[in-house]
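Just below is one structure, and these are the notes that go with it.
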2 protein chains.
Amino acid sequence: MRSEKLSLSGVCGAIIDTGVFDLVEQARDGRPRAVARLISLVEDDSPHLRSVAAALSPLTGRARVLGLTGPPGVGKSTSTSMLVSAFRARGLRVGVLAIDPSSPFSGGALLGDRIRMHSHTVDPGVYIRSMATRGALGGLATATPQAVRVLDAAGFDVVLIETVGVGQSEVDIVALADTTVVLLAPGMGDGIQAAKAGILEVADVFVVNKADRDGADATVRDLKHAMSLGRRELGPSWRQPIVRTVASAGEGVEELVDALDAHRDWLVSHGELEVRRVRRAEREIEAIAVTALRARLGSVHGGEALSRLAKQVAAGETDPYAAADQLTETL
Amino acid sequence: MRSEKLSLSGVCGAIIDTGVFDLVEQARDGRPRAVARLISLVEDDSPHLRSVAAALSPLTGRARVLGLTGPPGVGKSTSTSMLVSAFRARGLRVGVLAIDPSSPFSGGALLGDRIRMHSHTVDPGVYIRSMATRGALGGLATATPQAVRVLDAAGFDVVLIETVGVGQSEVDIVALADTTVVLLAPGMGDGIQAAKAGILEVADVFVVNKADRDGADATVRDLKHAMSLGRRELGPSWRQPIVRTVASAGEGVEELVDALDAHRDWLVSHGELEVRRVRRAEREIEAIAVTALRARLGSVHGGEALSRLAKQVAAGETDPYAAADQLTETL
């Protein structure tokens with residue numbers, strides 16, 4: 001296997017011959033270009049995807065996987081940057097996956113984030129990757145856990161998934177983490193709006209950022225009220241802490257890291273870490289299988305079957321369930 | 001077919017014998033309970049789902065389907081209410097589907113929305129339904145278009161899909177509409193944050209709500225700037241208008257309705273309406289087929305196959321792609 005030659009055509013516009021295992025070894029040596037190539041290979045659904053996945057598998061399971069989410073404008077990028085600094089101060093290597101909803105207006109990667117994260121880009125102990133939701137449904141649901149595997153196998157101690165947006169698909173991605181941090185901020189709308197975002201129930205740790213602003217007390221109060229109404233299945237004994245931060249000034253970072261450590265200890269001591277990782281693997285397998293089946297549906301009879309059935313449905317000649325039955329029967 | 005008896009057990013807690021066609025006819029007569037039952041039948045994946053879908057199909061295709069989305073706190077519910085009033089003033093029947101991300105803190109349906117929409121609930125020309133994202137992935141992607149079909153077949157002139165959240169799955173749902181309205185408001189974060197929301201590219205009409213507030217001019221300016229950077233595939237000649245409203249005071253509603261009418265005219269005169277409806281049908285068929293296939297994956301070998309494979313992946317004994325291949329092979 002070690003001598004297997006791999007043609008990385010289409011990555012970085014160059015054709016490079018190297019073995020998958022060499023690439024993985026280079027990534028473990030801390031070479032960012034090797035990490036970048038591996039992520040591109042798993043992200044782009046390349047022909048080498050399966051051999052990369054197989055090579056990574058025995059090397060995974062060591063990294064702490066953290067998720068960070070919240071509504072737009074709460075300061076997720078700044079908080080990520082603050083956390084990266086804190087982990088670096090402990091001598092830990094940190095990989096960041098910043099999930100951006102695709103937008104033709106921004107081209108996927110956002111200048112603002114890049115600028116905010118710039119201080120870390122010259123640090124070899126930090127790897128930052130933007131991942132866009134371009135392409136089909138389920139693209140990120142498949143690509144993100146594979147990118148986590150790459151960073152894990154490459155020896156990053158912490159993998160931080162930051163996602164903008166508050167939608168179900170983003171929540172699902174962040175829920176893949178061992179520990180999920182939900183950020184709120186004063187003045188982002190009332191408690192009902194926060195509940196609407198559908199993110200309260202995935203939180204292991206709450207952060208009220210911009211805690212120096214008017215309304216921070218009210219946000220903490222609303223949050224406590226919402227939590228008191230909830231009946232989240234938390235398993236035994238974990239109570240979501242609320243940490244106040246001012247990420248732009250680095251305030252509250254120690255409290256936040258303490259809360260993350262406390263949750264980590266709880267996960268391990270209650271056997272929850274294993275439960276979560278098996279659940280994550282289930283979702284990964286399912287996402288890959290569904291993507292494969294979806295691709296097969298789209299290509300039934302050269303892709304013409306779906307289009308023909310859709311025209312019949314739009315014309316009221318058949319209904320979408322009968323059409324779907326016809327489509328799946330041909331698989 | 002007309003004499004087909006249908007046992008509506010589990011709906012409204014009662015067992016009612018009636019034919020699917022009778023139910024559809026009652027819905028067309030404007031009876032809200034019949035509409036509610038039909039939506040429950042398509043939403044709950046009941047055994048009668050297929051006969052309901054078949055009965056609705058020839059009656060669909062007349063309603064205008066409008067989507068309304070935007071980040072939390074921009075005033076979507078208030079804007080929906082304003083639009084409902086405007087359409088009612090023209091004598092049109094309006095169905096509203098309010099998509100709520102599920103939350104154990106709110107129980108799915110939100111008191112705030114209910115209160116805001118209350119003035120319409122006594123109007124027989126208006127039907128309002130909250131749909132929650134509870135349950136599996138893809139649940140709403142399947143259920144929402146079916147609910148649109150019910151309202152369309154029941155003779156509602158306008159079907160308005162309102163969705164909170166800014167995530168990809170919500171955007172996908174709203175993108176099912178003939179015309180999609182994206183709401184923004186001053187002070188919801190800068191232009192970059194708006195672009196992050198990933199909703200700019202799905203807009204046919206932009207609304208800057210709360211236009212009486214400080215920062216409305218800046219929001220319009222940021223939006224124009226973002227649009228100038230975009231390269232949206234708009235097809236021929238449609239230029240997204242930006243309408244300013246103060247929904248809480250009903251200001252700007254005429255301009256908004258004019259913009260919606262102009263887009264409707266454009267859709268029809270450019271053949272785009274048919275294109276969008278065929279695309280919508282394609283996504284509907286695909287969502288139904290994928291849901292069916294996903295269910296089959298979960299039930300392979302009594303559901304134990306996925307769980308066993310996930311444990312192997314979590315332990316690093318196999319990789320998720322190899323596991324997914326094993327799972328789909330058994331289908």
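Computed over heavy atoms, backbone and side chain alike; hydrogens, waters and symmetry mates excluded. These numbers were taken from a predicted model, which means no experiment stands behind them. Letters A, B, ... are given to chains in the order of the sequence lines, protein chains preceding strands, and every chain is numbered from 1.
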Heavy-atom pair of closest approach, residues A310(B) and A281(A): O-CB, 3.5 Å
Flag side-chain contact, heavy atom, 4.5 Å: V313(A) against I285(B): yes
What part of R62(A) gets within 4.5 angstrom of chain B, counting heavy atoms only: side chain, backbone, both, or neither? neither
Interchain contact, A322(B) with chain A, by part (heavy-atom threshold 4.5 Å): neither
So for Q312(B), is it side chain, backbone, both, or neither that comes closer than 4.5 Å to the heavy atoms of chain A? neither
With a 4.5 angstrom heavy-atom cut-off, which part of R308(B) approaches chain A: side chain, backbone, both or neither? neither
Does any heavy atom of chain A fall under 4.5 Å from the side chain of A292(B), the backbone, both, or neither of them? neither
What option among P320(A), A55(A), A314(A) has the most heavy-atom pairs under 4.5 Å with chain B? P320(A)
Honestly, the part of L297(B) sitting under 4.5 Å from a heavy atom of chain A is side chain
Nearest non-hydrogen partners of A324(A) and A289(B), listed with the distance: CB-N, 3.9 Å
From CD (E284(B)) to CG (L309(A)), nearest 0.5 Å: 12.5 Å
CG on L306(B) to CZ on R283(A), rounded to 0.5 Å: 11.5 Å
Smallest heavy-atom separation, Y321(B) atom then V42(A) atom, equals OH-O, 4.4 Å
Interface moiety of R149(B) toward chain A, non-hydrogen atoms closer than 4.5 Å: side chain
Residue part contacting chain A, namely of T318(B), when any heavy atom lies under 4.5 Å: backbone
Quick check on the interface: out of R277(A), E317(A), E282(A), Q326(A), who has the most heavy-atom pairs with chain B under 4.5 Å? E282(A)
Between R50(A) and D325(B), does a salt bridge (Lys or Arg N to Asp or Glu O under 4.0 Å) hold up when you go through it step by step? CA-CA 10 Å; R50(A) 279 173 160 74; D325(B) 287 346; 2.7 Å; yes
Please classify the contact of L327(B) with chain A as side chain, backbone, both or neither, using a heavy-atom distance under 4.5 Å. side chain
Separation between CG of L293(B) and OG1 of T328(A), rounded to the nearest 0.5 Å: 6.0 Å
